[in-house]
Amino acid sequence: MIEFKNLTKTYNGINAVDNLSLTIENGEIFGLLGPNGAGKSTTILMLCGLIQPTSGECLIDGVEVSKNPVEVKRNIGYMPEDVGFYPNLTAMQNLTFFAKLYDMKPDLREKKIPELLELVGLSGVEKLVGGYSKGMRQRLGIAKALINDPSVVILDEPTANLDPQGVSDYRKIIRQISDSEKTVLVSSHILSEVSKVCSDVGIMQEGKLVHRGSWQELSGSLNICGLESIIINLEAETEIPELNIPEITGTEISADGKKAVITASSDVRSEISRILNRSNVLIKELCIDQTTLEDAVLSYYNPEA
Ligand SMILES: Nc1ncnc2c1ncn2[C@@H]1O[C@H](COP(=O)(O)OP(=O)(O)OP(=O)(O)O)[C@@H](O)[C@H]1O
């Protein structure tokens, strides 16, 4: 479990992290979203015991980080945006080096390292790490973050360098990690990545947590009405009748007439629902499209925009 209690970090009179209070339960995959400069990295550095808070505290499994940095470091796995490896060693040799730093016994190392390389798709790769692509380095970074079998895994911008196959593999890896009851904190500004992989999401802006909840809860509380246009997905049991709603600016209907992608200037789901009820058409799905939710999150990034 991760706890932030009134956590604040001040640089030159400015709060990079401003009175952050947040609890992330065991087994949760939590996405920390926010634009550049929101305070994500500063929060993570304090959580890893790499910088000291100005006030407040971070706890990992009930242990206060700044007072017990060595104990805490044994229980966390951290993958920074750019992981450092020895270029003239293989993946296996690099991981062996890090395993030794954790005093891991040879028999455990010999079991654990091949398992981790298999997990991240680098099994049997003999190439020296200096010749790795950025994506391969990132995969190895995940393996390194897991070497000490941590209860909490912290990943900073984990998909930044991955190609589409790498991103898809990454999602599988993250789910496998959380299946083993580990708590995962993912920091990212890539909304679609966080929404696909995280059970809960927090949005940071100017050091403050401005929203927190499951992706679904967050979608419900987002101010979609402030957007210029909204996309609504509609699926019905039978053919969709004509929707005479002035706010609707465009409708794309499927060949069988049962699905529609509706563009509107405001959230007209209740009007749509009323028309369909009156026409005795049963609704299978009536929801705001993911792209609209992402636009709503982006409006937190640029409130003046
Ligand atoms: N060592 C430092 N000295 C002074 N100011 C800093 C320092 N580190 C961070 N800041 C400031 O604190 C604020 C938060 O920065 P932080 O790097 O935590 O944001 P972030 O959300 O991680 O952004 P990014 O995605 O760009 O890394 C920014 O205004 C940044 O300029």
Side-chain angles (χ1 to χ4, degrees), residues 2-24 28-60 64-66 69 72-73 76-84 134-135 137-138 141-142 144-145 152-162 166-167 170 174 183-198 200-213 215 218 222 293-305:
I2 300 172
E3 291 166 276
F4 299 108
K5 293 186 180 170
N6 305 106
L7 187 69
T8 297
K9 179 71 185 179
T10 308
Y11 289 115
N12 309 320
I14 294 168
N15 289 341
V17 176
D18 192 353
N19 203 23
L20 175 72
S21 291
L22 171 69
T23 301
I24 305 171
E28 210 175 295
I29 313 181
F30 189 89
L32 197 58
L33 276 170
N36 291 339
K40 306 180 299 292
S41 299
T42 307
T43 303
I44 286 178
L45 290 174
M46 287 189 277
L47 183 62
C48 295
L50 297 172
I51 57 172
Q52 290 286 322
T54 306
S55 61
E57 52 187 20
C58 313
L59 296 100
I60 288 191
E64 220 253 274
V65 176
S66 65
V72 163
K73 280 184 189 116
I76 58 173
Y78 170 47
M79 188 182 86
E81 224 177 313
D82 193 16
V83 195
K134 283 183 175 174
R137 285 176 71 87
Q138 210 132 2
I142 296 179
K144 178 184 170 261
V152 168
V153 182
I154 302 156
L155 308 171
D156 205 353
E157 302 283 353
T159 57
N161 297 313
L162 300 181
V167 171
Y170 146 81
I174 300 295
T183 310
V184 185
L185 174 62
V186 182
S187 147
S188 180
H189 59 263
I190 306 175
L191 310 172
S192 55
E193 272 325 301
V194 166
S195 67
K196 280 188 186 117
V197 87
C198 295
D200 257 39
V201 185
I203 303 177
M204 276 189 93
Q205 196 195 356
E206 293 178 358
K208 290 194 171 71
L209 191 72
V210 290
H211 260 286
R212 192 241 145 114
W215 182 246
L218 194 67
L222 290 171
L293 298 178
E294 291 186 357
D295 285 348
V297 173
L298 279 173
S299 71
Y300 283 93
Y301 284 31
N302 305 299
E304 293 92 36

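Every number for a ligand or one of its atoms is a count from 1 in the order of the listing.
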| remark: Honestly, for P35 the part within reach of ligand 1 (heavy atoms, under 4.0 Å) is backbone
| query | What residue and atom, counting heavy atoms only, is the protein's closest point to atom 7 (C) of ligand 1, and at what distance? | reply | Y11 CE1, 3.3 Å
| request: Return yes when at least one protein heavy atom is under 4.0 Å from atom 31 (O) of ligand 1, and no when none is. | output: no
| query | Short N/O distance, under 3.5 Å, between N36 and ligand 1? | reply | yes
| message | Any protein heavy-atom neighbour for atom 13 (C) of ligand 1 (distance below 4.0 angstrom)? | response | yes
| Which is closest to atom 21 (O) of ligand 1 by heavy-atom distance: G39, G34, S188? | G39
| Protein heavy atom at shortest distance from atom 15 (O) of ligand 1 | T42 OG1, 3.8 Å
| said: Side chains of D18 and T8: any donor to acceptor distance under 3.5 Å? | reply: no
| said: Could you tell me, atom by atom, which parts of ligand 1 come under 4.0 Å of a heavy atom of A38? | reply: 19 (O), 20 (P), 21 (O)
| query | Which pair of heavy atoms, one from C48 and one from K73, lies closest together, and at what distance? | reply | O-CE, 3.4 Å
| field | CA sep, side-chain torsions, deciding dist, call: Q205, H211, side-chain contact (heavy atoms from CB on, under 4.5 Å) | value | CA-CA 9 Å; Q205 196 195 356; H211 260 286; over 6 Å; no
| request: Could you give me the CA-CA distance, side-chain angles and deciding distance for Y78 and D156, then say whether side-chain contact (heavy atoms from CB on, under 4.5 Å) is met? | output: CA-CA 8 Å; Y78 170 47; D156 205 353; 4.2 Å; yes
| Would you say A16 and ligand 1 have an N/O pair spaced under 3.5 Å apart? | no
| Looking only at heavy atoms, which two atoms of L7 and V17 are closest? And how far apart? | O-CG1, 3.5 Å
| P35 to M204 - nearest heavy-atom pair and separation | CD-O, 3.5 Å
| remark: If you scan protein heavy atoms around atom 27 (O) of ligand 1, the nearest is S41 OG, 3.3 Å
| Closest non-hydrogen protein atom to atom 28 (C) of ligand 1, residue and atom name please, with distance? | G37 O, 3.8 Å
| Atom indices of ligand 1 within 4.0 angstrom of K40 heavy atoms, with elements | 18 (O), 19 (O), 20 (P), 21 (O), 22 (O), 23 (O), 25 (O)
| request: Report the C-alpha distance between T42 and Y11 in whole Å, list the side-chain angles of each, state the deciding distance to 0.1 Å, and finish with yes or no for side-chain contact (heavy atoms from CB on, under 4.5 Å). | output: CA-CA 11 Å; T42 307; Y11 289 115; 4.2 Å; yes
| request: Check whether any side-chain heavy atom of F4 lies under 4.5 Å from a side-chain heavy atom of L209, and answer yes or no. | output: no
